[in-house]
Amino acid sequence: MKEFIKFIREISDKKPAILIHDDSDADALAAGYVLSRLTGGYIVVPKSVSEHGQELMDEIGFEVDYGPLDLSEEKIVIADTADMQQLPDIQLGKYAVIDHHSNNKLLEGAEAYYHEKVDSTCQMVYQVLREMEFPIDENIALALSAGILGDTIYLEKAKNETIIILGEILEEGSINFKKALEVLRISRKLSRETKLKAAIDAELFWLKDKLLVFTRTSPDYVYYVAMMLIELGADIAMVFSQEGEDISIRLVQNPAYEEEIDLLEVMKKGIGDSKVENLWGDENFVGFKGAGDDFKIIKELLGQLCQSSSR
Ligand SMILES: [Mn+2]
């Protein structure tokens, strides 16, 4: 950590870029935000932030710059990133790394790094602030706790030491746990009417031992409704919206079942030769935007899910 802090001190008056991984989650964005506050720098995301990441940005009130970007002449900090593959279209020069992923491939080329196998990058950023005696205001505390809550699935997977650190962050930022939870709680964004309509229209299936909930909503709410269904207890949520030919789908799996079914594969097979405008995500969360025959896609997706869950 000493080397890393030395690097931070060197770049602090030079408006450095704080680079975080693509499809940025709460831990990456919050670490980026707090490091940008610490150094007077700006946050760089290679291409896009995740949908819940966008929520966090709106909630705290900060913005990011997007790539492609040539940073080869600059000294930068890379946070919550383990691999060059997570940094598409970014040219790197001299950099320091702060990260918690095991097997970090960026450490070798780093000028300095702070690397620990802990639950989140945000708790490491907190240690840096403490070491540098940087004051923790409400926004910093909210961001750091959102990062910790995001990476530990609301503390479900957290080590005890992480929970203690979270307590310290809340205390220093003068906020309570409820407030920290609210930053990441998604479904309160929905109107009661939208929530209830999506719930009433929902269909419930047992896929072997998993509860799948399928429903429809309007295009702006597919993501929120999917997260709401997971919050309500669905093991897998499948949410559709359709306007004319345009279809938007989110397929999400309860974090407790992480990676049990590869939803990205399910989606790829399910949409068949439908027109793809955008397809993104991973095993646990997939988004699709495009055009096609909704009944055909729904049928295919259900079939694929049945197959994957009976394996
Ligand atoms: Mn992380």
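By convention here, the first residue in the shown sequence is residue 1. Predicted model, so just to flag it, every value in this text is computed and none were measured. Whatever order the structure lists them in is the order used to number ligands and atoms, beginning at 1.
- At least one N/O/S atom of H100, from backbone or side chain, sits under 2.8 Å from the Mn ion (ligand 1).
- Under a hydrophobic clustering in which Ile, Leu, Val, Met, Phe, Trp and Tyr are joined whenever their side-chain heavy atoms come within less than 4.5 Å, directly or via other members, M227 and I236 fall into different clusters.
- Taking CG from L149 and CG from L166, the interatomic distance works out to 5.5 Å, rounded to the nearest 0.5 Å.
- The shortest side-chain heavy-atom distance between P88 and D22 falls under the 4.5 Å cut-off.
- Looking at D27, its N, O or S atom nearest to the Mn ion (ligand 1) turns out to be OD2.
- Of all the N, O or S atoms in D151, the one closest to the Mn ion (ligand 1) is OD2.
- Aromatic pair F240/F214: centroids less than 6.0 angstrom apart.
- With rounding to the nearest 0.5 angstrom, the CD1 atom of I43 is 9.0 Å from the CG atom of L35.
- The N, O or S atom of D80 lying closest to the Mn ion (ligand 1) is OD1.
- With 2.8 Å as the limit, D25 does not count as an N, O or S neighbour of the Mn ion (ligand 1).
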